Protein chains: 2
Amino acid sequence: MTKNTFDSIYKTLKERILKGTYSIKMRLPIEDDLITEFDSSRYAVRKAIKQLANEGLVYSVKGRGVVLLEHTPQTQQFNLNLGELSGIHTSEPDQTFDYQTALVSFDQIIVDQALSQQTAFEVGIPVYAIKRVRSINGTRAVIDINYFNAQLIPGITPKIAKTSIYDYIQKTLKIKIAVVKRLLRVDSALPVDTDNLALGQNNCVGNMISIAFNDSGRQFEYTESHFIPNELAFTQLIRN
Amino acid sequence: MTKNTFDSIYKTLKERILKGTYSIKMRLPIEDDLITEFDSSRYAVRKAIKQLANEGLVYSVKGRGVVLLEHTPQTQQFNLNLGELSGIHTSEPDQTFDYQTALVSFDQIIVDQALSQQTAFEVGIPVYAIKRVRSINGTRAVIDINYFNAQLIPGITPKIAKTSIYDYIQKTLKIKIAVVKRLLRVDSALPVDTDNLALGQNNCVGNMISIAFNDSGRQFEYTESHFIPNELAFTQLIRN
DNA sequence: GAGTGGTCTAGACCACGGT
DNA sequence: CCGTGGTCTAGACCACTCC
């Protein structure tokens, strides 16, 4: 599992931090000591520390050292990273949950002016337009409204849409999903939402808009995921 | 403005990407050529490219090169504004807008069991509990519910709360805000929300929960920002 | 002034992509 | 096979923190 020098240093340090080895001083050992301990270069040690900082576990201060950030059971949930490409996390992270997909509609259409404005796909290209409802523990919690560029992602069928499009893209087409950009909003519920989601008394939805790129830099997907309130959470980390 | 070697390379490359200089090939020049052009080391060039990748402008492929990600006017809003610590972004970043703060309540209280569970502050410590409503262009759009550790951030007054607590923390107390962790949710509206926000027909709010740390690693703040639907947006970037 | 992390250089070898 | 980015080393100097 541990592939690189820096990765092994990173894993060791992370384990110690979570175990509380360094908690008393609220500091990591200085770089030179870590270089000596792991018998490696400064590059590898610094890269490991950088990864810990990316996760929000430590913070480097020039001239002082690498500081540990306080963490309590309550703040653990902030440390969940949204590194998973395909999915959304529930607010109960470790709980196992039932996950079902129902296909609402499946079409192949040509992008017109309005859809181009929304999705950033070029006018005239063919796209798959797919609506699916995701039920978590029997509750209709999310509706995915997907548009896939049919030239870049050909051959999607209703059957594939009912299982996993991302599996099809990665495993069958062998296309690499390089980058996903997301926008999160809260929107007033539309008819498509009230019709398909277990909104109860609520009349709003969360809206996660995703655009995904392959490793040639082409945008192959535009997706809106509308989800019901009180169920899902997203994390962010901001560093100075 | 340009301080370091890598920063100057980064700014130059970013400008060229946005101007379209490299768009035809959808590639950046290879590292060796950039090293030659900028007469610098590989370290500086790679650090600049890494920063471009962090912003979602490019993607590096081992063995192939550095690929440009497609960007259109529509997808500009997906590109990240990093580093804003003090506020919330509107969905129209460049638009000037009116911004007003009204103080709803101001108290100094002791953390009890329930509040400790919520905020991750230790039971028994004194905190400032502050509620403020932010109006954007005359619309009551956001209510901030702040808890500041009074031992770490002493001397907050109602007057300071009416202007800017973050200015007070950074400029007067000279405390560095090192890291902010955020959780984004959609919640059903509470009485505090319906009473203070221009929700209209909507009965839900966005909830941005922030916990902030100083450069000694101590959590000094827990804040919930409840905001009305259809006004604000947050960006995320996920890389493989 | 001593100690620490941040920036930078010059070089080496490896892993992967495409021909 | 060649060209490319990824990892890694050894070393230098600078900027900042703290005593």
Side-chain angles (χ1 to χ4, degrees), chain A residues 1-13 22 25-54 57-69 173-176 178-179 214-218 239-240, chain B residues 1-13 22 25-54 57-69 173-176 178-179 214-218 239-240:
Chain A
M1 205 68 256
T2 297
K3 286 205 161 165
N4 308 317
T5 309
F6 88 86
D7 195 52
S8 129
I9 299 173
Y10 156 74
K11 285 199 168 68
T12 305
L13 291 178
Y22 301 130
K25 298 175 63 182
M26 298 247 327
R27 292 279 174 83
L28 234 51
I30 64 166
E31 291 182 348
D32 276 349
D33 288 352
L34 293 173
I35 290 167
T36 305
E37 176 185 348
F38 292 103
D39 190 28
S40 71
S41 71
R42 204 178 164 205
Y43 170 92
V45 166
R46 285 176 61 74
K47 192 163 179 183
I49 292 171
K50 188 159 198 179
Q51 191 152 329
L52 295 169
N54 284 338
L57 290 171
V58 302
Y59 179 75
S60 297
V61 186
K62 192 197 298 199
R64 179 132 49 96
V66 178
V67 170
L68 269 63
L69 297 189
L173 295 181
K174 302 229 187 311
I175 288 171
K176 181 93 182 286
V179 173
N214 64 18
D215 69 0
S216 295
R218 302 291 311 277
R239 276 174 301 160
N240 248 358
Chain B
M1 206 68 258
T2 297
K3 287 202 159 163
N4 309 318
T5 309
F6 88 86
D7 195 50
S8 131
I9 299 173
Y10 156 73
K11 285 197 168 66
T12 305
L13 291 179
Y22 302 129
K25 297 174 64 181
M26 298 239 338
R27 292 280 174 84
L28 234 51
I30 64 166
E31 292 182 348
D32 276 348
D33 288 352
L34 293 172
I35 290 167
T36 306
E37 176 186 348
F38 292 103
D39 190 28
S40 71
S41 71
R42 202 175 165 207
Y43 171 91
V45 166
R46 285 178 59 76
K47 193 163 179 182
I49 292 172
K50 188 160 198 174
Q51 191 151 331
L52 295 169
N54 285 337
L57 291 172
V58 303
Y59 180 75
S60 297
V61 187
K62 191 196 297 196
R64 181 132 50 96
V66 178
V67 170
L68 269 62
L69 297 189
L173 296 180
K174 302 233 188 308
I175 288 171
K176 181 93 181 286
V179 173
N214 65 19
D215 69 0
S216 296
R218 301 292 311 276
R239 275 174 301 162
N240 247 359

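As the structure is a computational prediction, the values presented were derived from the model and not from experiment. Throughout, protein chains are lettered first and strands after them, A, B, ... in sequence-line order, and every chain is numbered starting at 1.
Atom P of nucleotide dC2(D) and atom CD of Glu31(B) are separated by 20 Å, given to the nearest angstrom. As a whole-Å value, the separation of Asp33(A) CG from dG3(C) P is 12 Å. For the pair Leu68(A) CG and dG5(C) P, the interatomic distance rounds to 13 Å; values are reported in whole Å. The interatomic distance linking Lys25(A) (NZ) with dG3(C) (C1') rounds to 13 Å, in whole Å. Taking atom OH on Tyr59(A) and atom P on dT4(C), their separation rounds to 19 Å, with Å as the unit. Computed from coordinates, the Lys62(A) NZ to dC8(C) P distance equals 10 Å when rounded to whole Å. Protein atom NZ of Lys174(B) is 16 Å distant from nucleotide atom P of dC16(D), rounded to whole Å. The separation between Arg64(B) atom CZ and dT4(D) atom P is 13 Å, rounded to whole Å.
Among the nucleotides dT9(C), dG6(C), dT7(D), the one closest to the side chain of Arg46(A) is dG6(C). Between dT4(C), dG5(D), dT7(C), one nucleotide has an atom nearer to the side chain of Ile30(A) than all others, and that is dT4(C).
Side-chain atoms of Arg42(A) come within donor-acceptor range of the base of dT7(C), with a qualifying N/O pair under 3.5 Å. Taking 3.5 Å as the limit, the base of dT4(C) and the side chain of Arg27(A) contain no donor-acceptor pair of atoms between them.
Contact annotation: Lys47(A) reaches the phosphate of dT7(D) (side-chain N/O to OP1 or OP2, under 4.0 Å). Distances shorter than 4.0 Å separate none of the side-chain N or O atoms of Ser41(A) from OP1 or OP2 on dC8(D). Distances shorter than 4.0 Å separate some side-chain N or O of Thr5(A) from OP1 or OP2 on dC8(D).
For Asp215(B) and Asp39(A), each mapped to the nucleotide of DNA chain D holding its nearest heavy atom, the one lying further toward the 5' end belongs to Asp39(A). Along DNA chain D, the nucleotide nearest Tyr43(A) and the nucleotide nearest Asp32(B) are compared for position; the residue whose nucleotide lies closer to the 5' end is Asp32(B).
Looking at Asp215(B) and Arg64(A), a side-chain N of the basic residue comes within less than 4.0 Å of a carboxylate O on the acidic one, giving a salt bridge.
Separating the OG1 atom in Thr36(A) from the CD1 atom in Ile30(A) is a distance of 8.5 Å, to the nearest 0.5 Å.
A donor-acceptor distance shorter than 3.5 angstrom exists from the side chain of Asn214(B) to the backbone of Gly217(B), with no hydrogens or angles considered.
Counting heavy atoms from C-beta outward, Phe6(B) and Ser40(B) have side chains that stay 4.5 Å or more apart.
The two residues Arg27(A) and Leu68(A) come nearest to each other via the heavy atoms C-CD1, 3.5 Å.
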